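Okay, so here's the structure we're looking at.
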Amino acid sequence: MEKTRRELLRDGSRAAAGLAVASTFSPSNPLGVAEALAKSPKLKRPGFNLGCKSLTAETHLRHLPVDGKMPRWLTGSLLRNGPALFEIGEERFNHWFDGLAMLHAFSFDRGRVSYRNRFLRSSAYKAWKKEGRIKYSELATDPVPDPCRQIFSGVSTMPVLGRIPNANVSIEELAGEFRALTEIPIPVRFNPKSLKSLGTDGAVMQGRLGTAHPHHDPATGERLSYEIELVPPSGLRIITEKRGRRRELAFIPQASPGYLHSFGLTKRYVVVVTQPWNFNFSKFLSPDRGPIITNYEWHPDQPSTIILVDRKRGGVVRTFETDPFFAFHHINAYERKGRVVIDVCAHKDAGSIDALYLKKIRKHNDVPQARYRRFEVNPSTGRLTKRDLIEAVFELPQKNYDAVNGRPYRYAYGVGLKGNGSGYIDQLVKADVKKGESKIWRERGVYPGEPVYVPRPHARHEDDGVIMSVVLDGRRRASALVVLDAKSMHEIARASVPHHIPFGFHGLYTR
Ligand SMILES: [Fe+2]
């Protein structure tokens, strides 16, 4: 007798039954799973490549099957952002950073979990639906030139940017509004319940990049961010905003602006770490410029530079040079006894960006590895020291943001991989920077995403809460939301989704 969808979903919560669940869905193939199942998993890491496979269906599942006991105090939603469409017809996006943005929401209600996903209605999404092609430039993908189409907007060497960016990197909650962010500094607003896109509040500026990781300071009510001007007069602009009023804290001229993805914040300083992966504007102006990312060049003979900007008075306080390294993510920063502590996920060089081309990820099943690196700088003496804090590889960092951002802290959570060898993310890591130790959660054949920390109501300790991570279960060939006790890193509960969710980037929990 054929099972109902609900029964199948319930069965799907058992890893061993996962294949059966997906197969039974195949007649209508509503979630694109059957095609993946048909392929024999001869990969180094079975099921892994589903993480870079498009998910085209938008769905709403009211009751996910739950293993374990989902805490009843969870009453909000985990919102996630990431790429979900990696090709349009015969045209392919080149890089993991390029796929069309999809929002995901796991919502909690008295131990039950629902799931919804929806593409962001970006200009790129609309071009997919209406014209069936890649029409706009992404970081590492340009539209296919076609003289019959008006693809260049005035200046032939400029990338073709849509009015509504493909904001596939992160999510921000600002004054009750939810915004999808990327490095084109125009947020796209959306409804956190329906995930419907609500448009933008500005126009895309050619030649300007921003950050998908702004900071919010609850003590001052400020939102802090930066902009990078790629077109001369080029440079880095540090910005603070409060109740809609915007103030420039510093403009740091840079002839060849370096790539930046995030920054740190302390009580007194904005902390920027520039790296010698610089934008070559001359190359960008040439007819064979290629997508934006291909115009950056790594200069191993040049230093990385830590820049402290005064939050109150504005201006650069001091800069510190160190050996070149590459970082996407700051973990935390704070002041201690006249020094500034800056923790980052440090990569060897910008090869980490190259390694994330989709062809390479799919072929090698590897990702670049970062170290949990601490810099301490003294603004009075100019002295800089550095050391790695834990042994484990550490990326996509999260922490108890409201309690410890910009302050002394003990714990951070990230993804890593066993043994520090080559491979893809296969474990979650809790770093204890006081002891220099880490706690690990891992499960064979399971690839976890960014761990989001959610404090328990009235929590008394920094790690009194849970960790949420969307994992791809390679054995079940489908994804799940895993909830861990943040103290022990033991699994508490798991809500299973009947299809795969492509590897995403960032998200947040909202009550
Ligand atoms: Fe990021």
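Just so it is clear, the model here is predicted, and its values are computed rather than measured. We count ligands from 1, going down the list as the structure has it; atoms in each ligand are counted the same way.
Taking distances strictly below 2.8 Å, the protein N/O/S atoms close to the Fe ion (ligand 1) are H213 NE2, H261 NE2, H329 NE2, H506 NE2.
Of the candidates F119, F93, F86, F119 is the only one forming a ring-ring contact (aromatic ring centres under 6.0 Å, His included) with W128.
You'll find the ring centres of F97 and F505 inside the 6.0 Å limit.
Defined by atom type and a distance below 3.5 Å, a donor-acceptor pair is present between the side-chain atoms of E172 and H216. In summary, the side chains of H330 and H215 do not present any donor paired with an acceptor at a separation below 3.5 Å, with no hydrogens or angles considered. Side-chain contact of S137 with D142: a donor-acceptor pair under 3.5 Å is present, judged by distance alone.
The salt bridge (charged side-chain N to carboxylate O under 4.0 Å, His left out) check on R336 picks up E376, with sequence neighbours excluded.
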